[in-house]
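Convention: sequence-line order gives letters A, B, ...; per-chain numbering from 1.
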There are 2 protein chains.
Amino acid sequence: MEIIEHLAVSQLFKGLPNVHLEGLASISIKKSYQKDESIFFEGRESTGFFIVISGRIKIYKISPEGKEQILHFFGPGEPFGEAPAFTGDPFPAYAEAIEDTDVIFLPKNEFVSLIKKDPSLALNMLVILSHRLQKFTNIIENLSLKEVPGRLAAYIIYSGGNENDASEFSLDISKGQLASLLGTIPETLSRILTKMVKQGLIDSDGRRFIKILDRKGLEELAEGKRRLG
Amino acid sequence: MEIIEHLAVSQLFKGLPNVHLEGLASISIKKSYQKDESIFFEGRESTGFFIVISGRIKIYKISPEGKEQILHFFGPGEPFGEAPAFTGDPFPAYAEAIEDTDVIFLPKNEFVSLIKKDPSLALNMLVILSHRLQKFTNIIENLSLKEVPGRLAAYIIYSGGNENDASEFSLDISKGQLASLLGTIPETLSRILTKMVKQGLIDSDGRRFIKILDRKGLEELAEGKRRLG
DNA sequence: CGTGCGCTTGACTTTTTTCAATAAAGGTGG
DNA sequence: CCACCTTTATTGAAAAAAGTCAAGCGCACG
């Protein structure tokens with residue numbers, strides 16, 4: 001598959017006319033990373049940004065004690081690392097492939113030149129960045145206003161889809177990673193999951209399978225109207 | 001002072017040629033809010049965004065139990081509420097004036113039309129949004145990776161400026177608001193502040209005056225290398 | 001078939017919140 | 001200018017939540 005085709009289906013560039021896609025393709029560089037390989041480091045100078053072609057990556061921070069907080073997961077079609085490319089600041093976090101991953105790299109300077117010529121491209125980027133901001137707003141809300149059971153409940157509800165039926169799903173990340181995403185540690189996550197099963201809120205095979213049994217109860221947890229005890 | 005002059009000195013539009021400023025001014029609406037007056041509400045439809053002329057506002061979320069998490073403070077020259085204007089999503093948080101405040105309101109549709117004609121305007125917005133994203137990255141890091149003493153230490157160091165001398169300053173917000181900004185409650189903040197004074201890290205008059213006595217100690221706290229006990 | 005990594009569980013410690021009472025500060029009206 | 005009232009800040013004691021440390025289990029993979 002050609003780079004230009006990947007660009008054409010990416011969040012950032014979908015809907016752009018072919019002329020612009022060609023311009024973008026001409027500055028694009030394809031790169032590959034293996035599972036667990038680093039893509040960029042916190043503090044490093046940004047020279048451009050990325051779009052995932054295939055595979056998955058995570059963006060995360062690490063505390064001095066070694067605790068990891070995941071900020072994002074990104075998969076095919078999603079761009080990452082765009083913000084520092086515009087501010088000129090160094091990367092504010094780490095990026096690492098969590099599967100074998102192919103990406104397109106867009107060098108900063110060339111990209112800014114293109115954007116200066118094309119408002120619609122810029123508008124797309126504005127929408128994307130605004131969405132990221134929304135997402136962060138939610139993460140912050142969760143971290144500061146909810147206890148861990150509430151965060152987990154919110155995650156489960158979100159992952160289970162909105163339907164009342166079909167409320168079964170499989171975690172697409174490991175429990176350790178989920179703990180980090182929720183701003184906690186695996187032990188705490190494990191205990192809470194156990195309590196949820198005991199209280200009949202969910203069913204679980206102990207592995208990645210989860211079935212929602214009491215959606216209303218989960219919602220109450222997420223809204224802080226209920227405790228796990 | 002004319003609207004166009006305010007626009008010319010705002011973060012978002014500074015450096016723009018006069019033609020564009022005039023276009024912006026022609027769609028701008030000036031509004032005033034009193035201290036503690038609401039500007040927008042979480043969940044409401046966004047019809048445009050704002051730039052502070054004078055005064056100050058806060059953006060915050062509220063949990064079902066009534067706990068407040070402040071996301072931003074914005075003062076003169078700073079835009080707010082831009083993100084939902086691009087995504088079309090409703091406001092993700094509340095905005096409220098914390099002083100008597102004048103703002104410029106820019107209606108969404110008119111603004112998007114302007115941007116479509118002017119890439120440089122869009123580029124400025126990209127930089128601003130990217131910076132916001134960076135700021136959120138830090139907030140998330142602080143909330144999830146640091147204990148409250150660490151967050152407070154980081155806040156004090158930041159507020160005290162980088163110089164080794166002149167390390168005195170006055171909090172520009174109430175302690176209750178500071179607690180919310182740090183993702184905690186006033187009682188906890190008060191206790192930690194007391195400990196910091198007792199341990200000789202800072203001096204305080206019990207009101208808003210704070211003097212940094214042991215910058216290195218504060219840095220160790222912020223980095224999790226030290227406990228307050 | 002053993003080794004390893006991810007996950008779970010238990011006991012214990014630390015941190016933060018809750019609840020309640022008090023104190024101090026700021027603003028208002030007489 | 002002072003008394004009063006409301007808001008904001010502090011303090012203590014107790015409870016709750018989350019994290020640490022350590023041990024053990026089980027499934028996957030070589």
Of D:dG19, C:dC7, D:dG12, the nucleotide closest to the side chain of A:Lys175 is C:dC7

Specify the separation, in whole Å, of atom CG of B:Leu152 and atom C1' of C:dT15.
15 Å

If the cut-off is 4.0 Å, is B:Arg207 near the phosphate of C:dG26, judged by side-chain N/O to OP1 or OP2?
yes

Walk me through whether A:Glu223 and A:Lys225 qualify under salt bridge (Lys or Arg N to Asp or Glu O under 4.0 Å).
CA-CA 5 Å; A:Glu223 289 162 17; A:Lys225 292 175 187 156; 2.8 Å; yes

Given atom CG of A:Asp36 and atom C1' of C:dG6, what is their separation to the nearest angstrom?
14 Å

Can you measure A:Leu182 atom CG to C:dC7 atom P for me and round it to whole angstrom units?
13 Å

Whole-Å distance, B:Gln69 CD to C:dT17 C1', equals 15 Å

Check this one for me: any side-chain N or O of A:Lys67 less than 4.0 Å away from OP1 or OP2 of D:dT20?
no

Without decimals, in angstroms, what is the distance between B:Arg151 CZ and C:dT15 C1'?
11 Å

Can a side chain N or O of B:Thr188 be found less than 4.0 Å away from OP1 or OP2 on C:dT17?
yes

Expressed as a whole number of angstroms, how long is the span from B:Asp205:CG to D:dA9:P?
13 Å

Closest of C:dG10, D:dT11, C:dT16 to the B:Ser190 side chain is D:dT11

Interatomic distance, B:Arg191 CZ vs C:dT15 P [rounded to whole Å]:
14 Å

For B:Phe136 and B:His72: C-alpha separation, side-chain torsions, deciding distance, then whether ring-ring contact (aromatic ring centres under 6.0 Å, His included) applies.
CA-CA 9 Å; B:Phe136 274 177; B:His72 296 286; 4.8 Å; yes

For A:Pro149 and for B:Arg208, locate the closest nucleotide of DNA chain D by heavy-atom distance; then report the residue assigned to the nucleotide nearer the 5' terminus.
B:Arg208

What is the separation between atom CG on A:Leu189 and atom C1' on D:dA18, rounded to the nearest whole Å?
13 Å

Verify the contact: side-chain N or O of A:Thr194 to OP1 or OP2 of C:dT8, cut-off strictly under 4.0 Å; return yes or no.
no

Minimum-distance nucleotide to B:Pro186 side chain [options: D:dG19, D:dT11, D:dT10]
D:dT10

Quiz item: cation-pi between B:Lys58 and B:Phe73, 6.0 Å / 45°:
no

Can you label the angle between the A:Phe91 ring and the A:Phe40 ring as parallel, tilted or perpendicular, going by 30° and 60°?
parallel

Quick one: on DNA chain C, does B:Glu187 or B:Arg227 contact a more 5' nucleotide (nearest heavy atom)?
B:Arg227

Between B:Tyr94 and B:Phe41, what is the ring plane arrangement, given parallel below 30°, perpendicular above 60°, and tilted in between?
perpendicular

